[in-house]
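Chain naming here is simple, since letters A, B, ... match the order of the sequence lines and numbering starts at 1 in each. Note that the coordinates shown come from a computational prediction; the quantities given were computed from them, not determined experimentally.
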Amino acid sequence: MSLRIYNTMSGKKEEFQPLIPGKVGMYVCGVTVYDYCHIGHARANIVFDMIFRYLQFAGYETTYVRNYTDVDDKIIKRANERGISSKALSEEFIQAFDEDMASLGLVKPTHEPKATEYIDEIIAISQTLIDKGLAYEAGGDVYYAVDKFADYLKLSKRNMEEMQAGARIAPGEQKRNPMDFALWKAAKPDEPNWPSPWGAGRPGWHIECSAMSSSLLGDSFDIHGGGRDLIFPHHENEIAQSEGASGKPFVKYWMHNGFVNVNQEKMSKSLGNFFTIRDILQQYDPEVVRFFILTSHYRSPIDFSDQNLIEAQAGLSRFYEALLSADQMLAGATDEQAESPLGEELEARFREAMDDDFNSAQAIAHLFEGVRTMNRLCATKKFKKRVDLVAQVRDLRQTVLKLGDVLGLYNSEPAVWLEKVKFAGLEKLDITLDEIEQQIEARLQARAEKDFAKSDQIRDALAARGIELLDSREGTSWKLK
RNA sequence: GGCCCCGUCGCCAAGUGGUAAGGCAGAGGUCUGCAACACCUUUAUCACCAGUUCGAAUCUGGUCGGGGCCUCCA
């Protein structure tokens with residue numbers, strides 16, 4: 001079974017056939033850098049990071065471009081409010097973005113261009129569009145004449161007449177048609193600007209993505225992604241610009257990730273109900289956030305809530321606990337080698353899930369099954385001497401790690417990760433590590449004396465304070481309840 | 001008003017024509033001094049109604065409920 005991708009353009013899953021066999025060009029709209037990233041950005045970037053990793057895993061030589069839009073009305077406005085330059089503001093938030101993405105465990109895209117580095121290309125495309133009669137200059141602005149592009153609204157499937165009914169021309173704009181959009185805006189005082197054939201000015205929103213994608217991936221490429229909210233107007237306008245200028249098909253597969261809701265309600269800047277990545281990482285481990293996001297399909301809406309994240313943490317802990325116990329069981333196990341089909345079988349199921357429009361939720365479900373098998377084998381009597389079982393656990397462990405890496409998961413040292421989460425949770429409880437260890441010691445003493453009443457009393461008291469004890473042959477450890 | 005999406009076990013969440021993955025929580029069991037952990041077993045006919053079909057959660061029509069886009073937004 002080969003890779004199938006849901007294409008927003010057709011509204012269907014399609015067999016993935018890249019323009020050049022074996023190679024993929026993918027462009028994903030990045031952020032406008034004027035504020036800290038919120039969890040919606042986290043989702044979009046994690047999703048496409050997963051897609052990028054899987055494309056490579058599936059054998060495609062993938063060029064992944066994710067831009068920074070560093071010139072824009074909102075940047076100018078925010079910079080003016082803070083009394084700093086647009087450049088200083090955008091640099092600050094580019095750095096913040098990079099930090100956030102690194103903490104979420106994202107790999108670097110192949111290219112991370114900035115809009116301001118592509119001003120020449122932006123001007124060239126705008127000029128081409130004017131030359132072709134698709135755009136016009138008016139008072140130092142350049143606008144795209146949407147009624148000249150026959151395919152306009154083909155991605156968002158909207159109706160021009162109805163769109164026009166609600167559209168307005170803002171004061172100061174020189175549009176012929178309210179639906180027209182700016183490719184270039186004449187500079188106002190104190191705005192960043194560049195010289196152009198139409199006078200000093202700056203790019204409009206949308207044109208930068210056409211310029212950067214064609215420069216780095218060519219006029220036609222395979223995958224273009226972003227959040228659903230970018231379908232209109234941003235991606236629609238990109239199509240008009242790029243296909244209008246080049247005369248070639250722009251993008252083969254359009255991919256859009258679903259929204260993040262907070263308490264069933266869309267999270268948005270205008271509603272003010274958004275959390276930044278930094279807020280969330282105060283509360284939860286970054287890998288828990290990533291795990292939570294990937295346990296839903298990328299096109300479904302997800303609901304950010306404490307309960308959901310706590311459950312995600314429990315699920316991810318299950319993986320690390322299994323990996324830890326597998327490591328411990330394998331440590332003293334026989335060195336003899338044996339065949340094991342389990343890893344290969346797991347990988348086949350994983351690929352099948354991921355080939356179906358990157359169904360990471362299904363893929364993780366298969367990995368959970370791998371974990372259960374691993375736990376079951378490890379619990380078998382005389383495990384360490386059973387050559388076949390040891391080989392199977394080795395195989396499964398290695399496969400879970402390998403496939404986890406495709407999702408950007410399970411990269412930590414199990415013991416270290418579990419400790420980290422445990423101590424982070426401990427801080428929220430009214431108990432100290434010393435206390436816990438003292439109580440464990442006291443209980444061990446009681447048990448040695450067969451004073452089980454006292455032993456159980458200590459255990460119950462700790463449980464009431466949120467600490468669960470685990471006895472094993474090696475001794476007693478504890479975890480958060 | 002126009003366009004679009006969704007409604008699957010207590011909760012989260014896969015599944016788009018052949019009689020419902022997985023996780024969390026719950027129940028029973030194995031293990032245990034007793035527990036916890038782990039493992040085993042177990043828990044749904046898919047909002048509702050009508051239709052197409054040998055057969056539908058999956059297709060069509062309708063009803064109810066929720067949400068999104070149409071303005072900056074991942």
Visitor: Which nucleotide, in any strand shown, forms a Watson-Crick or G-U wobble pair with B/U19, with both distances under 3.5 Å?
Guide: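 Across all strands, not a single nucleotide pairs with B/U19.
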
Visitor: Ring centres within less than 5.5 Å and planes less than 30° apart: is that true of A/Phe452 and B/G33 in this structure?
Guide: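 Stacking is present between B/G33 and A/Phe452, given that their ring centres fall under 5.5 Å apart and the planes under 30°.
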
Visitor: Counting distance alone, no hydrogens or angles: does the base of B/G33 have a donor or acceptor under 3.5 Å from a partner atom on the side chain of A/Asp456?
Guide: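 Indeed there is one.
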
Visitor: Does A/Arg66 have a side-chain nitrogen or oxygen under 4.0 Å from the phosphate oxygens OP1 or OP2 of B/A74?
Guide: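 No, A/Arg66 has no side-chain N/O under 4.0 Å of OP1/OP2 on B/A74.
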
Visitor: Does the side chain of A/Trp205 get closer than 4.0 angstrom to OP1 or OP2 of B/C73 through an N or O atom?
Guide: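 True: A/Trp205 side-chain N/O within range (under 4.0 Å) of B/C73 OP1/OP2.
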
Visitor: Roughly how far apart, to the nearest Å, are B/A13 and B/G17 at atom C1'?
Guide: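 One C1' to the other, the span is 22 Å.
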
Visitor: I'd like the P distance from B/G18 over to B/G55, given in whole Å.
Guide: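 Result for the P pair: 15 Å, nearest Å.
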
Visitor: Between B/C46 and B/C59, how far is it from one P atom to the other, in whole Å?
Guide: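 Straight-line distance between the two P atoms is 15 Å.
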
Visitor: Quick check: any donor-acceptor pair below 3.5 Å linking the side-chain of A/Glu311 to the base of B/G23?
Guide: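 Between B/G23 and A/Glu311, which were checked side chain against base, a qualifying N/O pair under 3.5 Å is present.
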
Visitor: Look through every strand shown and name the nucleotide pairing with B/A44 as Watson-Crick or G-U wobble, where both distances are under 3.5 Å.
Guide: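 Partner of B/A44: none.
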
Visitor: Given the P atoms of B/G15 and B/A47, what is the spacing between them in whole Å?
Guide: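 After rounding to an integer number of Å, I get 15 Å for this pair.
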
Visitor: Write down the partner of B/G7 under the Watson-Crick or G-U wobble criteria, each distance required to be under 3.5 Å.
Guide: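 Checking every strand shown, B/G7 finds its partner in B/C64, with both distances under 3.5 Å.
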
Visitor: Check this one for me: any side-chain N or O of A/Ser300 less than 4.0 Å away from OP1 or OP2 of B/A14?
Guide: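 Yes, within the criterion.
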
Visitor: Using atom NE2 of A/His224 as one end and atom C1' of B/A74 as the other, report the distance to the nearest whole Å.
Guide: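 One finds 12 Å between C1' of B/A74 and NE2 of A/His224, rounded.
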
Visitor: Tell me whether the OP1 or OP2 atom of B/C11 has a side-chain N or O from A/Asn308 closer than 4.0 Å.
Guide: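 False: A/Asn308 side-chain N/O out of range (4.0 Å or more) of B/C11 OP1/OP2.
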
Visitor: Would you kindly check if the NZ (Lys) or CZ (Arg) of A/Arg176 is within the cone defined by 45 degrees around the ring axis of A/Tyr143 and under 6.0 Å from the six-membered ring centre?
Guide: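 No; the conditions do not both hold, so A/Arg176 does not lie above the ring face of A/Tyr143.
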
Visitor: Determine whether a donor-acceptor pair (one donor, one acceptor, N or O, separation below 3.5 Å) exists between the side chain of A/Arg228 and the base of B/C69.
Guide: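 Not at all, since no donor on one side and acceptor on the other fall under 3.5 Å apart.
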
Visitor: Check whether A/Tyr27 forms a cation-pi arrangement with A/Arg66 (NZ or CZ under 6.0 Å from the six-membered ring centre, at most 45° off the ring normal).
Guide: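 Here A/Arg66 fails the 6.0 Å and 45° test against A/Tyr27.
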
Visitor: Using the C1' atom in both, what is the distance from B/A20 to B/G62, to the nearest Å?
Guide: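 Rounded to whole Å, the distance is 26 Å.
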
Visitor: Can you work out whether A/Tyr6 or A/Ala314 has the more 5'-proximal nearest nucleotide on RNA chain B?
Guide: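 Mapping each residue to its closest nucleotide by heavy atoms, the 5'-most match is A/Tyr6.
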
Visitor: Work out how far the C1' atom of B/A44 is from that of B/C9, and round it to whole angstrom.
Guide: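 Straight-line distance between the two C1' atoms is 4 Å.
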
Visitor: At less than 3.5 Å, do the side-chain atoms of A/Arg43 and the base atoms of B/A74 form a donor-acceptor pair?
Guide: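 When only heavy-atom distances are counted, A/Arg43 does not reach the base of B/A74 through any donor-acceptor pair under 3.5 Å.
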
Visitor: Which value, in whole Å, describes the distance between the C1' atoms of nucleotides B/C48 and B/G66?
Guide: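 About 15 Å, rounded to a whole number of Å.
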
Visitor: Think A/Arg447 has a side-chain N or O under 4.0 angstrom from the OP1 or OP2 of B/U32?
Guide: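 No, A/Arg447 has no side-chain N/O under 4.0 Å of OP1/OP2 on B/U32.
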
Visitor: Per the atom types in the model, does the base of B/G22 pair as donor or acceptor with the side chain of A/Thr295 at under 3.5 Å?
Guide: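 Checked by distance alone, the answer is no.
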
Visitor: When you compare B/U42 with B/A21, how far apart are their P atoms, in angstrom units rounded to a whole number?
Guide: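 Per the computed distance, 12 Å lies between those P atoms.
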
Visitor: For A/His41 and B/A74, give me the distance from atom NE2 to atom C1', rounded to whole Å.
Guide: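 So the NE2-C1' distance, A/His41 to B/A74, works out to 5 Å.
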
